[in-house]
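What follows is one structure encoded as structure tokens, with my remarks underneath.
Quick note on labels: first sequence line is chain A, next is B, and so on, each numbered from 1.
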2 protein chains.
Amino acid sequence: MKPSVGIRDVAQHAGVSNATVSNVLNRPDVVAPATRQRVLAAIEELGFVRNESARQLRAGRSRVIAYVVLDAANPFFTDVARGVEDAAREAGFALFLCNSASDAGREHDYLELLHEQRVEGILVTPVDGEGAQIAERGTPVVLVDRESADGTHCSVAVDDVLGGELAVTHLIENGHTRIAMVGGPLSIQQVRDRYEGAMRALTNAGLPQDALTLLETKGLQVAEGRGAGERLMGLPSSRRPTAAFCANDLLALGLLQSMTQQGLKVPDDLAVVGYDDIEFAAAAAVPLTSVRQPRDQLGRTAASLLLAENEPDHEHRHVKFQPELVVRASSAAKR
Amino acid sequence: MKPSVGIRDVAQHAGVSNATVSNVLNRPDVVAPATRQRVLAAIEELGFVRNESARQLRAGRSRVIAYVVLDAANPFFTDVARGVEDAAREAGFALFLCNSASDAGREHDYLELLHEQRVEGILVTPVDGEGAQIAERGTPVVLVDRESADGTHCSVAVDDVLGGELAVTHLIENGHTRIAMVGGPLSIQQVRDRYEGAMRALTNAGLPQDALTLLETKGLQVAEGRGAGERLMGLPSSRRPTAAFCANDLLALGLLQSMTQQGLKVPDDLAVVGYDDIEFAAAAAVPLTSVRQPRDQLGRTAASLLLAENEPDHEHRHVKFQPELVVRASSAAKR
DNA sequence: CCTCGATGTTGAAACGTTTTAAAGACTGAG
DNA sequence: CTCAGTCTTTAAAACGTTTCAACATCGAGG
């Protein structure tokens with residue numbers, strides 16, 4: 001249990017110096033085949049496991065990058081993470097996933113730890129608005145699905161304002177004039193942007209600002225969507241919105257669930273549009289209209305920006321993708 | 001960018017020795033308030049970030065545990081991970097998530113890396129059958145959602161055989177006598193166990209073994225479920241099963257999707273039972289009957305077993321939970 | 001036979017912390 | 001004024017690697 005066999009034990013057992021063992025580990029080609037075999041045998045026999053702390057301390061570099069995700073239970077982020085991991089692997093890095101669970105404290109703790117670990121780079125979808133609190137601390141940081149407020153980091157984002165606009169324009173075109181926006185908290189940049197886009201759609205269509213009611217939620221999970229559904233039901237049907245734009249698909253699915261449960265029909269009684277187009281959106285009780293983001297590309301791009309940070313004269317870049325509306329049954333035209 | 005300010009820079013800047021700085025970091029109470037302030041100021045001013053590699057190398061302990069998950073995109077595992085993280089946090093540990101994506105190679109790489117990192121403990125839901133290849137290497141390992149084959153590790157599992165039995169018994173009671181089991185690859189222990197349970201249900205009911213057809217898939221994702229659906233459609237309706245038991249909910253959702261798409265009705269043309277009871281199961285096009293596992297408890301228990309590994313005279317424990325059938329619309333009684 | 005380059009191997013110095021034993025600085029009692 | 005304690009602070013020794021300059025050895029070319 002506490003054998004703690006080190007490189008010197010291996011060296012001794014194989015009758016060579018530590019330097020040679022280290023060479024076998026890091027530059028196998030430089031050591032004579034016979035010696036290499038002997039060393040490998042010794043490693044095997046003693047059950048030697050290289051101590052990465054020591055290695056990293058001396059060598060100064062790490063072989064991992066990390067992604068601090070806003071909500072590991074949200075398929076959108078795991079899809080992005082998949083893209084990140086694929087790109088990282090190709091470059092020879094491992095990916096550690098950390099879940100801030102939308103909690104600024106956790107996020108802070110993880111970032112602190114990762115900086116201390118001297119990982120090769122950090123990707124983060126920050127809890128707070130512009131990730132302003134994410135200072136420069138020596139380890140490259142790239143913002144994912146957020147635009148860097150002050151340009152101190154690279155960032156990869158999707159145009160959330162446009163996304164909100166697409167969604168609500170679609171609803172307006174389908175004849176809706178009393179629309180609810182479900183999402184929150186507003187401290188989350190994405191939610192703010194999508195809300196702004198929604199408002200812009202109203203303006204474009206010449207509708208009054210109060211055509212859109214904000215139903216703020218405490219989070220972006222399914223349960224919050226169900227809660228919002230119940231709040232909607234509480235309204236007298238004359239004032240109740242005929243359509244809802246949800247800040248993400250989890251909310252939309254929750255909303256959908258609570259509608260069905262209370263005997264209301266989607267889209268007849270309430271049209272619903274989600275955001276992210278996660279895989280489950282299409283499989284929902286009523287297939288969900290949603291705003292699709294290029295998740296995989298988002299992840300891959302983020303990873304490559306991160307890995308480019310160490311290049312000689314690096315300039316921070318800000319990549320922005322376009323979202324796309326995917327229309328399904330949940331928002332069929334109003335009768 | 002490359003300031004690399006160390007503890008000795010801080011010490012010098014504050015006019016104390018490195019030992020004092022270290023004390024401020026690790027035992028703040030032992031150093032005089034005035035000195036402490038001075039040191040903290042210096043840390044702040046120089047932007048010092050403690051080097052965790054060096055710390056860990058010297059101190060011998062880490063503040064991290066890791067969970068190597070079979071599929072980060074499967075909500076079942078993120079729910080388990082949530083339980084793990086909660087328990088870990090309470091004990092003062094951070095959790096790193098690694099995604100093996102059902103790939104034995106990735107799993108191996110991650111385990112290797114984590115051992116080298118000397119994390120405080122590793123949780124893993126192994127790709128292969130009994131996690132036999134996961135040797136004892138000095139770092140405590142606990143198997144999650146798998147029973148340790150040879151008892152060399154602690155494990156937390158759910159009775160998958162019973163789960164399969166519950167599911168298929170339910171289908172039989174609803175009058176089905178031609179049942180498909182969808183899942184794979186069979187190298188995954190869970191799939192094998194659930195299949196075994198399904199067979200047992202047949203035996204219990206006095207049905208012939210060929211009442212159950214195995215439709216083996218290459219993985220446990222939604223897309224594989226869709227593929228299985230198409231294969232089912234290919235069968236002449238006289239020989240086509242009237243019910244399907246899927247090895248997990250992702251498969252079931254995929255199957256459901258492909259049924260609907262091809263104009264078949266669930267449960268009338270095909271009854272479907274899933275496994276895991278993920279949050280999206282209840283929100284599906286046809287709410288999914290599923291076998292529920294105590295995900296959160298699974299995670300919490302796994303974490304506490306792991307953290308108990310370092311106790312003086314530790315004996316490996318094997319905890320097994322019972323699954324529970326949740327009946328919904330997708331498996332309504334046969335007409 | 002000598003020299004040279006190539007090829008393998010090695011001793012020892014880092015890397016940035018934590019930790020231990022002990023030195024220093026005070027305090028209050030005698 | 002001294003001495004035993006009590007608090008603070010410190011010098012120096014780890015921790016387990018990687019790396020670098022230097023050292024052997026060997027065969028070939030002159």
Side-chain angles (χ1 to χ4, degrees), chain A residues 2-40 42-43 46-63 112-113 115-120 137-139, chain B residues 2-40 42-43 46-64 112-113 115-119 137-139:
Chain A
K2 295 255 78 187
S4 201
V5 18
I7 218 176
R8 44 207 324 143
D9 300 298
V10 175
Q12 191 173 345
H13 196 264
V16 298
S17 76
N18 338 350
T20 298
V21 178
S22 177
N23 280 335
V24 169
L25 258 30
N26 303 301
R27 290 175 230 78
D29 43 302
V30 91
V31 35
T35 332
R36 192 193 316 156
Q37 288 313 322
R38 205 146 29 93
V39 172
L40 288 176
I43 287 180
L46 300 180
F48 165 75
V49 179
R50 182 221 252 117
N51 185 326
E52 174 73 15
S53 298
R55 167 194 164 88
Q56 189 172 320
L57 173 59
R58 176 62 235 237
R61 60 197 116 82
S62 151
R63 298 131 70 204
E112 185 74 26
L113 181 61
H115 272 115
E116 292 185 354
Q117 292 247 24
R118 300 288 194 273
V119 294
E120 207 59 24
R137 314 265 249 93
T139 303
Chain B
K2 295 254 80 187
S4 203
V5 17
I7 218 175
R8 45 205 327 142
D9 301 298
V10 174
Q12 193 173 344
H13 196 265
V16 297
S17 76
N18 341 355
T20 299
V21 178
S22 178
N23 280 334
V24 169
L25 259 31
N26 304 300
R27 289 175 231 76
D29 43 302
V30 92
V31 35
T35 333
R36 193 194 315 157
Q37 288 312 323
R38 199 144 34 92
V39 171
L40 288 175
I43 288 180
L46 299 179
F48 165 75
V49 179
R50 181 222 254 114
N51 184 326
E52 174 73 15
S53 298
R55 166 195 165 88
Q56 190 172 321
L57 174 59
R58 176 62 236 232
R61 59 197 117 81
S62 150
R63 298 131 71 204
V64 173
E112 186 74 26
L113 181 60
H115 273 115
E116 293 186 353
Q117 291 248 20
R118 300 287 193 275
V119 294
R137 311 265 249 94
T139 303

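Distance, B:N18 CG to C:dT20 C1': 14 Å, rounded to whole Å. Taking atom CZ of B:F48 as the reference point, atom C1' of C:dG16 lies 8 Å away to the nearest angstrom. In this structure, the CD atom of A:Q117 is 17 Å from the P atom of C:dG16, given to the nearest Å. Remark: C1' of C:dT18 and CZ of B:R8 are 13 Å apart, rounded to the nearest angstrom. As rounded to whole Å, 10 Å separates atom P of D:dT17 from atom CD1 of A:I43. Following rounding to the nearest Å, B:N51 (CG) and D:dG16 (C1') show an atom-to-atom distance of 14 Å. In this entry the distance linking CD of B:Q56 with P of D:dT17 reads 13 Å, nearest Å. The separation between B:R36 atom CZ and D:dC7 atom P is 15 Å, rounded to whole Å.
When distances run from any side-chain atom of B:V31 to the nucleotides C:dG16, D:dT9, C:dT18, the shortest one goes to D:dT9.
At D:dC15, none of the side-chain N or O atoms of A:S53 fall inside 4.0 Å of OP1 or OP2 (strictly under the cut-off). For the pair B:R38 and D:dT9, the criterion of a side-chain N or O lying under 4.0 Å from OP1 or OP2 is not met. The phosphate of D:dT19 has OP1 or OP2 within less than 4.0 Å of a side-chain N or O from A:R61. For C:dA14, neither phosphate oxygen OP1 nor OP2 lies less than 4.0 angstrom from any side-chain nitrogen or oxygen of A:R58. Note on A:T35: a side-chain N or O is less than 4.0 Å away from OP1 or OP2 of C:dT9. Between D:dG16 and B:R118, no contact under 4.0 Å exists linking OP1 or OP2 to a side-chain N or O.
For the 3.5 Å distance criterion, the side chains of A:N26 and A:S22 qualify, holding a donor opposite an acceptor.
How far CZ of A:R61 is from CZ of A:R55: 6.5 Å, rounded to the nearest 0.5 Å. Interatomic distance, B:R50 CZ to B:I7 CD1, rounded to the nearest 0.5 Å: 8.0 Å. Expressed to the nearest 0.5 Å, how far CG of A:N18 lies from CG of A:D9 amounts to 10.0 Å. The structure places CG of A:L57 at 11.0 Å from CD of A:E52, a figure rounded to the nearest 0.5 Å.
The 12-atom threshold is not exceeded at CD of B:Q12, counting heavy atoms of other residues, nucleotides or ligands nearer than 6.0 Å.
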Item to complete: In sequence, state the C-alpha distance, the side-chain angles, and the governing distance for B:R63 and B:Q56, and then conclude on side-chain contact (heavy atoms from CB on, under 4.5 Å).
Response: CA-CA 9 Å; B:R63 298 131 71 204; B:Q56 190 172 321; over 6 Å; no

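Along DNA chain D, the nucleotide nearest A:L57 and the nucleotide nearest B:P33 are compared for position; the residue whose nucleotide lies closer to the 5' end is B:P33.
Here A:R50 lies in heavy-atom contact (under 4.0 Å) with sugar-phosphate atoms only.
Of the residues in residues 19-29 of chain A, those lying under 4.0 Å from DNA chain C by heavy-atom distance are A:A19, A:T20, A:N23.
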